[in-house]
Structures are given as structure tokens and as C-alpha cells.
Amino acid sequence: MKNFTYFRPTTPEQAVALLENRWGNTELLAGGTDLHDLQKEYVAQPARVVSLSGVNALAGIRVEEKSVRIGAGAKLADIANHAELKRLFPSLTDAADQIGGPQIRNMGTLGGNLCQRNRCWYFRDEHTNCLLKTGQRCFALDGENKYHAIFSQGHRCVIVNPSTLAPALIALGASAVVQGPNGRRTIELGRFFRAPGANNEREHVLEANDMVVEVTIPRSNLANASYEVRHKQAYDWPLVQAAVSFERGDGGVRNPRVVLGHVAPTPHVAEAAARSITGQAVSEATAGAAGRAAAQDAKPLSQNGYKVKLVEVAVKRALIIAAGQKRYWEV
Amino acid sequence: MSDTKETTGLSRRQFLKGSGAAAAATALGTAAAPGALAAQAPAAQPVPGMGPAGVKITLQVNGRKMSSTVEPRVTLLDALRNYLDVTGCKRVCDRGTCGACTVLLDNKPVYACSMLALEAQGKEIRTAESLVQGAKLDAVPAAFVRFDAQQCGFCTPGFVVAMKAVLEQNPKATPAEVEKGLAGNICRCGTYEQMRDAIYSLCNTKRGS
Ligand SMILES: Cc1cc2nc3c(=O)[nH]c(=O)nc-3n(C[C@H](O)[C@H](O)[C@H](O)COP(=O)(O)OP(=O)(O)OC[C@H]3O[C@@H](n4cnc5c(N)ncnc54)[C@H](O)[C@@H]3O)c2cc1C
Ligand code: FES
Ligand code: FES
């Protein structure tokens, strides 16, 4: 790890004032579970690190009348174990509870989870100069791409967004409150992520001198669930994730949102799946049809065709869980 | 990489602020805990930086105060092992994916390899060494001995600390709950079966029942 100067501000304003208007020389540090990895690989080489551990205003989870506010510094374990959150937003707490092991959940924060860098092995390898560094091309396009995107709209880099909280939060209609040098603004999480294509772009739309202060989720009675297909029970990111939410009405599902994780450079909103389930009662047949609709436009790479089927299954199961029906796959 | 350029893009104002802060930190001797330094600085004052030269730190390890001087980049794991000679926690992956470096930070298991030593100040740190009092072994490592739950032993200090955390939090934890608490630890020798025996005995549950 390259050595650096360490700053420990106590307010979000102080923290932002320490940042720069371009990426690379100064980095925010929250739990460190992602940043220090990148530093050890010399993929991140900040000369200045601004720690958020002294900014008490970022901690805390507040359930209010109209919304739930979760500080960017809230630990993943605090989100996973919060009784009121579990009742209101099981999609979010289930997703948080499956991240890494207890150590990662005790260290990692909400802000860090949303802003973590992608897991592409070419990007993370010190010796590979890919498109997201200063290189000319994405090596995953025709290289080892088992875990990469199956939905791409001509993206020049085929990473998948690594956050499993993001799909759940987007399906719940959440927004990020962002502190910048000129004050605070709110960004819907549905517009927070983007597909990076160069070394001066991140997986989100924040400027280099912005930071996430909190995430707000409108309070609602939305049915919601997140289902992940994992290679093994612990440690790794999911292969595919589906987060869903909808209103329960007499005429069946209303205003559904279906958001997929780990299939595209950003969390992927599956509009065809939402259309398919709208107005239907959730059943294995209708949920299955929604799953097929979610997967219909997939364009897998050479090694990740298996993800198409997993999308169908994940959407189907997430809808079944959200509707409170028997988990037919559990014996 | 463009990352390595030191000052381009840094405004003169930010540069002056930064270097002034570094000078101020040097003048103060950077001896105080980061919290104390930051607390003294009123909001409008620039936040002092620490490092890149060595910074004096004090850690509370297994009930003892220990001090050393480390660069900001030194992880808690390396500070414990290489500066304070607390070698229970092991450096295996150094990337937050194996659990050999697990320590308790204010009673919660964390990966010491994935946090800075500077950030552990003011917290109570416990390592595997805390599970021996004189000649008396804590129940968790004692169960490992009894059931021969190790081979090379490299993962063991991390496993016993993670297991201790679960049982301390909930002395009535079920074997399944204890196992969930171990999801962040890996044993490359594959001693999981013996560990299961140790877990069942610690939970006073008969295996297979
Ligand atoms: C073994 C393992 C398994 C994992 N599995 C999963 C998984 O299944 N799903 C999943 O979602 N994640 C997973 N993770 C990733 C983990 O969730 C993230 O590493 C963690 O959430 C990052 O949070 P942090 O506070 O440690 O961030 P840091 O490492 O401190 O920061 C990460 C990035 O976010 C930036 N940042 C931090 N806070 C803010 C803020 N408030 N505003 C703006 N930028 C900020 C930092 O500058 C840095 O670039 C896993 C990690 C490991 C090691
Ligand atoms: S050495 Fe820290 S998790 Fe492996
Ligand atoms: S005993 Fe060798 S790694 Fe666990």
C-alpha cells in the first residue's frame, strides 16, 4: 500500500472540503473493506485519505413517520439486525445479512457498499491496464467473463455493479442525500449508478468531491423481497440477484418494480418483468412468466450464458417470497 | 497511472491548506489520539493531517495499553504483529477473505487486515491471546484441543475469536447460530468436522440429534 496523509474530520462539510475535484489523489475511507484492498493492489494509490470514522452524524438509523433514514456510516450488521427495518423492508435486511461474513458486516458501511468499486479481476489486477484505468480496452469482453454482464447496451466495459443493497433500495424507491462543496442534494438511487468507461469515471454519478450522507426510503406497505443465487453460502458476491417490490391490490400486483443485481454495469431495472406481473395474482406460473420476461433481452458473453436461467429463477422466487407464499424450492 | 501524480489538479488553496495542516500536525507532535486532535479543531479550522511520516498511536490490546509509531498505511494486523508483538492474529490473505486475522473490536469480530491501526485507537481490542488466563484456557480453545479441531493451526486463532464473539453475545446460541458466526473464516486444512464436534460440545448439544 502506498503511504498517505490521513485526515479525520468530524462533520460532512469538513470531509467534503478535504476532497478534490478529480478522482484518485484523495479517497474517502469508511469501513475500509474495499478501499484498503484496492490500495494493497495499487489500483487505488491515494496520497490523502479522508476517514469518516470521526463523523458521528453519519451513523444511525431513524424510522420516521414518512420515511426511513439510514446514515451512510451505518454498518451493514446494524442494517441486517434492525428489528423495524426487518419488518418494513426485508428485501434490504436480507440482502445486508448475506454480505460477506460477520466481520465484513461489522466493518462495511452503507455508503461504502453503494460506492464500492467493481469486482472485475482485470480491473483489480495491479498489472492489467484495462479501460477503467488508463488502458484502451475491456479485457473481459473476449476474455474470462464468467461473472460479468449479460445485459449491456453497447457498454465498452462489461463489469457488474457489486452492491447487493442497491437493487433492494432502488426497488423500494430510495434516494441518496449527497453532500457536495455547494451543499446538499438528493439523487434517486435509480439514477445514482452508471456504467463507467474510463479512469475518471466511477460506478456512480457522484463527483470526486461529493459524499453520501444518508439514504432515505419512503415508508410504505410495499411487499418486497430480494433473492440471491450464490455459488456458495458465504463470502462471495451473488451470481445473480433479483429485488422486487409491489403494492397488493384486489386486482393483483400493482406498480411492481423488479431490479436485477450482478447482471449489468448498473443495477438493472427489468421493465418487461414488471409489465408481465402487473395486474396478476402472484403464482408459480405468473412469477415464472415474469422471470422469463426479465431475461428475454439478455445478451450473454462467451462464458456467462448460465446467468440467463438464473435471472428467470431469481425473479420468480423473489416474487413468491414478496407475496408471502410457500418457498416451493425449500424442502 | 495518473493516480500517482502528486499535485496536478490540486488547487493552490487546497495545497496551502493541506501543507499548513501537515505543519500544524508536526508542531503538535501528532501525539494525541485522532479524536482528540479533531475535537480541538473548531469547524472552520482546517482539519490537521497525520503522516505520511510515522504517527504515535496507543492501542488497548487485551486489557493493556500499548504504544508505537506507525505510518498511516499500517493496518491494525501489521501493527499488532510487527510493532506490538501480539502475534495471535495471523496474516494469511491480507484481503478480508479468510478470517485468520480476526480480532474483537469492542466485542465485535472484525478483520484486522482490513482496517488501519490509526482507526482502532480508543477501542478495546482482543486477540486469541485473551483466551488464556495464566495456564487456564477459555472454554472455546479448550474445546478445540479436546476435539483436535486443527491441523496446521493457522486459521485457529481467528476461528476461536469469532466463535467466542458469538457465544459471548448469546451464551445460548445454537450450533447453527455459531456456524453462521463463522461464515467469515476459512480453514484450508478442512478441519470443519472436528470444529463441528467442538461447537456441539460448547452448545451442550448432541451431534446428529
Ligand atoms: C469477502 C467479501 C464478500 C462481500 N460480499 C458482498 C456481497 O455479497 N454484496 C455486497 O454488496 N458487497 C459485498 N462485499 C463488499 C462489501 O459490502 C463492501 O466492501 C463494503 O460495503 C464497503 O463498505 P466500507 O464502509 O468498508 O467501504 P470502504 O472500503 O471504506 O469504501 C469503499 C468505497 O466507497 C467510497 N465511500 C465510502 N463511504 C462513502 C460515502 N459516504 N460517500 C461516498 N463515497 C464513499 C470510498 O471512497 C471507497 O471508494 C463483500 C466484501 C468482501 C471482502
Ligand atoms: S488475513 Fe485478514 S481476512 Fe485473511
Ligand atoms: S488448521 Fe490449517 S487452515 Fe485450519
Side-chain angles (χ1 to χ4, degrees), chain A residues 1-11 13-15 17-26 29 31-37 39-51 53-54 75 77 97-98 100-108 129 133-134 199-200 208 233-236, chain B residues 1-11 14 17-18 21-22 25 34-35 37-39 41 43-53 55 71-75 94-99 101-102 105 108-111 113-116 118-119 158 162 165-166 180-186:
Chain A
M1 197 187 311
K2 188 178 127 180
N3 202 10
F4 49 81
T5 307
Y6 169 93
F7 297 86
R8 195 167 186 269
T10 53
T11 66
E13 290 76 10
Q14 280 179 341
L18 287 162
L19 298 176
E20 293 173 55
N21 59 10
R22 59 166 192 133
W23 294 108
N25 196 57
T26 302
L29 166 64
T33 56
D34 185 38
L35 180 65
H36 296 326
D37 257 34
Q39 288 179 288
K40 288 172 190 173
E41 302 294 345
Y42 293 91
V43 174
Q45 301 187 29
R48 300 151 43 94
V49 168
V50 177
S51 167
S53 60
K75 301 284 183 193
D97 196 44
Q98 290 185 67
Q103 294 93 331
I104 293 290
R105 295 193 292 274
N106 285 332
M107 306 173 81
N129 194 18
K133 298 177 186 168
T134 53
N199 75 329
N200 59 357
Q233 283 175 340
Y235 268 131
D236 249 331
Chain B
M1 288 194 0
S2 60
D3 275 5
T4 53
K5 285 187 207 143
E6 293 286 324
T7 51
T8 29
L10 197 61
S11 73
Q14 277 166 321
K17 248 173 143 178
L37 267 185
Q45 297 268 304
V47 177
M50 283 177 244
V55 178
E71 291 176 343
R73 65 174 149 184
V74 173
T75 61
D94 200 32
R95 296 291 184 278
T97 56
C98 79
C101 66
T102 303
L105 197 74
K108 291 187 179 152
V110 298
Y111 294 140
C113 70
S114 298
M115 77 181 292
L116 301 178
L118 275 176
E119 300 250 296
V166 181
K180 186 174 182 224
L182 302 179
N185 294 70
I186 285 180

Proximity breakdown for B/A162 and chain A, heavy-atom pairs closer than 4.5 Å = side chain
Which portion of B/L105 sits near chain A, non-hydrogen atoms under 4.5 angstrom | neither
Option that, when pairs with chain B are counted at under 4.5 Å, heavy atom only, ranks first among A/Q39, A/M1, A/H36, A/K40 = A/K40
OG-CE distance between A/S51 and B/M50, expressed to the nearest 0.5 angstrom = 9.0 Å
Quick one: are B/P72 and A/T5 in side-chain contact, heavy atoms under 4.5 Å?
-> no
Please identify each residue that fulfils salt bridge (charged side-chain N to carboxylate O under 4.0 Å, His left out) with A/D37, with sequence neighbours left out.
-> none
Scanning both residues in full, the closest heavy-atom pair of A/P102 with B/G181 reads CG-O, 3.3 Å
To the nearest 0.5 angstrom, please state how far the CG atom of A/D97 sits from the NZ atom of B/K180.
-> 3.0 Å
Among all residues two or more places apart in sequence or in another chain, which pass the salt bridge (charged side-chain N to carboxylate O under 4.0 Å, His left out) test with B/K108?
-> none
Heavy-atom pair of closest approach, residues A/E41 and B/R95 | OE2-NE, 2.7 Å
One option among B/T102, B/T75, B/V110, B/I186 has the most heavy-atom pairs under 4.5 Å with chain A, and it is B/V110
Chain B contact via A/L29 - side chain, backbone, both or neither, heavy atoms under 4.5 Å | side chain
At their closest point, which heavy atom of B/E119 faces which heavy atom of A/Y6, and how far apart are they?
-> OE2-OH, 2.5 Å
Given B/L116, B/V74, B/L182, the one with more heavy-atom pairs under 4.5 angstrom with chain A than any other is B/L116
Sidechain-backbone polar pair: A/N3 side chain, B/P52 backbone, donor-acceptor under 3.5 Å | yes
Looking at B/V47 and A/F7, what are the two nearest heavy atoms and their distance?
-> O-CD2, 3.6 Å
